[in-house]
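Hydrogens, waters and symmetry mates are skipped; everything else that's a heavy atom, side chains included, is used. So you know, we letter chains A, B, ... as the sequences are listed, proteins then strands, and number each from 1.
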Amino acid sequence: MKDDLLNHFNIQGFQENLIAWYQANKRNLPWRENQDPYRVWVSEIMLQQTKVDTVIPYFQRFMEKFPDVYRLASADEQDVLKAWEGLGYYSRARNLQSAVREVVSEYDGKIPDNKEALGKLKGIGPYTKGAILSIAFQQPEPAVDGNVMRVLSRVLHITDNIAEAKVKKQFEPIVTKMISKEDPSSFNQGLMELGAMVCTPKSPLCLFCPVQEYCRAFLKGDQENLPIKSKAKKPKKVAYIALLLKQGKEKIIIEKRKEQGLLANLWQFPMIPSKGKTVHEAEEWFEAKYGWAIQIGKHAGKLKHVFTHLIWELEIYEADVLYAPKKSKLKSVNIHELSQYPFPVSHQKMMKYLH
DNA sequence: AATCCGGGGAC
DNA sequence: GTCCCAGGATT
């Protein structure tokens, strides 16, 4: 990327227009009620790859349940995951709690206000570090997210592929040069708010843009073609037989997922990799893996669930327990107790087939 | 540098 | 269907 991007750029004029627009037009959001570093932190984690409107109710409930670092640090991880249920990227919740526990044990419960300590906490990367330092502590640190890259690639007419890590990193020194020393919080949030409300991915509202006069892409009529971003590859399909496995009339069998990887530590109905398997082979696979003898019965429906890099194709079957070992990975619970466990959305959809 | 990690909403 | 969202961790 060229290093003379800002040579003939009116940084002060850009700052003034952006901050004035932000102050006049910013949305009333729950995490903007004050600058409590804990609230800023939680909101920034929830907002990773997640829209504002999705986050709002989760943030409200999370703050009622875990109002400060001590309440979150001492909580049961399953309760934290339950509060995160449906929000996705569940490692965010587990990393957040792990980092909060470190803040309690190593920093006397006070969230660090320097980038060295903050950046070492689990789940806090370059963006979140800069967001907390600028918003909660008024430090002129860059916070480069997707909005900021889109806005600045247009304003400065940057044509590098923003999907590349090295290109992303190059936005940080640029923001460091552009950021307001007087109000870094409003500057960073202003860039993001502008990206969300005006400088949108498609059909940006340039006629209402407070920094239109500074925008090189608008000058060239190029705003619709920026930023440049290579496409992600398509997710792979994986087929499963998913079981509504009953034990008697009231009990249903569920299973806790592994500690690592996809949907870690969430609960699910038992799933059998079904590629090339007959129903009978699925029963045998299940007995070999769990030691439970089962009988698969009626086909109850099918579900397709799309992840970022994966597609689950679930064939849902009712099934009955013929024999259960005394000790098992599987758990037998009353149907009315299912709501106490954190389930991924795909398996919440499965619950509709229960009767 | 590439891959993994959710879910939803706008179009 | 496509895109992408206040990204980070792992390999």
Query raised in the report: Is there a residue in residues 25-36 of chain A whose heavy atoms reach under 4.0 Å of DNA chain B, and which residues are they?
Result: none
Query raised in the report: How long is the line joining CD1 of Ile56(A) and P of dA6(C), in whole Å?
Result: 12 Å
Return the polar atom pairs (N/O with N/O) between nucleotides 7-9 of chain C and the protein under 3.5 Å, or none.
{"residue": "dG7(C)", "atom": "OP1", "partner": "Gly146(A)", "partner atom": "N", "Å": "3.3"}
{"residue": "dG7(C)", "atom": "OP2", "partner": "Leu47(A)", "partner atom": "O", "Å": "3.4"}
{"residue": "dG7(C)", "atom": "OP2", "partner": "Gln49(A)", "partner atom": "N", "Å": "2.6"}
{"residue": "dG7(C)", "atom": "OP2", "partner": "Gln49(A)", "partner atom": "OE1", "Å": "3.4"}
{"residue": "dG8(C)", "atom": "OP1", "partner": "Gly125(A)", "partner atom": "N", "Å": "3.0"}
{"residue": "dG8(C)", "atom": "OP1", "partner": "Gly125(A)", "partner atom": "O", "Å": "3.4"}
{"residue": "dG8(C)", "atom": "OP1", "partner": "Thr128(A)", "partner atom": "N", "Å": "2.9"}
{"residue": "dG8(C)", "atom": "OP1", "partner": "Thr128(A)", "partner atom": "OG1", "Å": "2.7"}
{"residue": "dG8(C)", "atom": "OP2", "partner": "Tyr127(A)", "partner atom": "N", "Å": "3.2"}
{"residue": "dA9(C)", "atom": "OP1", "partner": "Gly123(A)", "partner atom": "N", "Å": "2.7"}

Query raised in the report: Is it true that atom NZ of Lys181(A) has more than 12 heavy atoms of other residues, nucleotides or ligands lying nearer than 6.0 Å?
Result: yes
**Report entry** Beyond-backbone contact of Trp312(A) with Lys237(A), side-chain heavy atoms, under 4.5 angstrom
**Finding:** no
Query - Heavy-atom closest contact (His305(A) atom, Lys349(A) atom, distance) - result: ND1-NZ, 3.5 Å
Query - Separation of dT10(C) C1' from Leu262(A) CG (nearest whole Å) - result: 15 Å
Query raised in the report: Just wondering, are more than 12 heavy atoms of other shown residues or ligands nearer than 6.0 Å to CZ in Arg32(A)?
Result: yes
Query raised in the report: Taking CD from Glu85(A) and P from dG8(B), how many angstroms apart are they, rounded to a whole number?
Result: 11 Å
Report task. State plainly whether the residues Glu193(A) and Arg27(A) are in salt-bridge range, i.e. N to O under 4.0 Å. Result -> yes
Report task. Indicate, with a heavy-atom threshold strictly under 4.0 Å, whether Val55(A) touches base, sugar-phosphate, or nothing. Result -> nothing
Requested in this report: Considering only NZ, NE, NH1 and NH2 on the basic side and carboxylate oxygens on the acidic side, decide whether Lys120(A) and Glu102(A) come within less than 4.0 Å.
Outcome: no
Query raised in the report: Atom CD1 of Ile311(A) to atom P of dG6(B): distance rounded to whole Å?
Result: 15 Å
Query raised in the report: Below 4.5 Å, heavy atoms only, C-beta onward: do Lys256(A) and Tyr341(A) meet side chain to side chain?
Result: no
Query - Phe187(A) ring center near Tyr22(A) ring center (under 6.0 Å) - result: no
Query raised in the report: Is the backbone of Glu77(A) close enough, under 3.5 Å, to the side chain of Arg94(A) for a donor and an acceptor to pair up by distance?
Result: no
Report task. Rounded to the nearest angstrom, tell me the gap between atom NZ in Lys236(A) and atom P in dG6(B). Result -> 17 Å
Report task. Look at the side-chain N and O atoms of His309(A) and state whether any lies under 4.0 Å from the OP1 or OP2 oxygen of dC5(B). Result -> yes
Query raised in the report: Which residues satisfy the salt bridge (charged side-chain N to carboxylate O under 4.0 Å, His left out) test with Lys329(A), sequence neighbours excluded?
Result: Glu255(A)
Query raised in the report: How close or far is atom P of dA1(B) from atom NZ of Lys169(A), stated in whole angstroms?
Result: 12 Å
Query raised in the report: Is Gly195(A) touching bases, backbone alone, or none of the nucleic acid, heavy atoms closer than 4.0 Å?
Result: nothing
Query raised in the report: Using the P atom in both, what is the distance from dA9(C) to dG8(B), to the nearest Å?
Result: 24 Å
Report summary line: Here the residues of residues 339-352 of chain A within 4.0 Å heavy-atom distance, strictly under, of DNA chain C are none
Query raised in the report: Given Ile253(A) and Tyr290(A), is the side chain to side chain contact (heavy atoms under 4.5 Å, CB included) satisfied, shown in steps?
Result: CA-CA 12 Å; Ile253(A) 307 305; Tyr290(A) 296 104; over 6 Å; no
Query raised in the report: Taking the nucleotide of DNA chain B with the closest heavy atom to each, which residue, Lys233(A) or Thr54(A), is nearer the 5' end?
Result: Lys233(A)
Query raised in the report: Looking at Lys82(A) and Glu85(A), does any basic side-chain N land under 4.0 Å from a carboxylate oxygen?
Result: yes
Atom pairs, N/O to N/O, protein against nucleotides 2-4 of chain C, distance under 3.5 Å?
{"residue": "dC3(C)", "atom": "OP1", "partner": "Lys231(A)", "partner atom": "NZ", "Å": "2.8"}

Report task. Can you tell me, in whole Å, how much space there is between the P of dG8(C) and that of dG9(B)? Result -> 23 Å
Query raised in the report: Once you round it to whole Å, what is the distance between C1' of dG7(B) and CG of Leu303(A)?
Result: 15 Å
Report task. Keeping the roles fixed (side chain from Arg154(A), backbone from Gln223(A)), state whether a donor-acceptor pair exists under 3.5 Å. Result -> yes
Report task. Could I get the full list of side chain to side chain contact (heavy atoms under 4.5 Å, CB included) partners for Asp53(A), not counting sequence neighbours? Result -> Ile56(A)
Query raised in the report: Expressed in whole Å, how much space separates the C1' atoms belonging to dC5(B) and dC4(C)?
Result: 15 Å
Query raised in the report: With sugar-phosphate meaning primed atoms plus P, OP1 and OP2, does Leu310(A) contact a base, only sugar-phosphate, or nothing at under 4.0 Å between heavy atoms?
Result: nothing
Query raised in the report: Does Asn17(A) use its side chain to pair, donor to acceptor, with the backbone of Val211(A) at less than 3.5 Å?
Result: no
Requested in this report: Would you please confirm or rule out a distance under 4.0 Å between OP1 or OP2 of dG6(B) and any side-chain N or O of His305(A)?
Outcome: no
Query - Atom-pair distance (CG on Leu152(A); C1' on dA6(C)), nearest Å - result: 14 Å
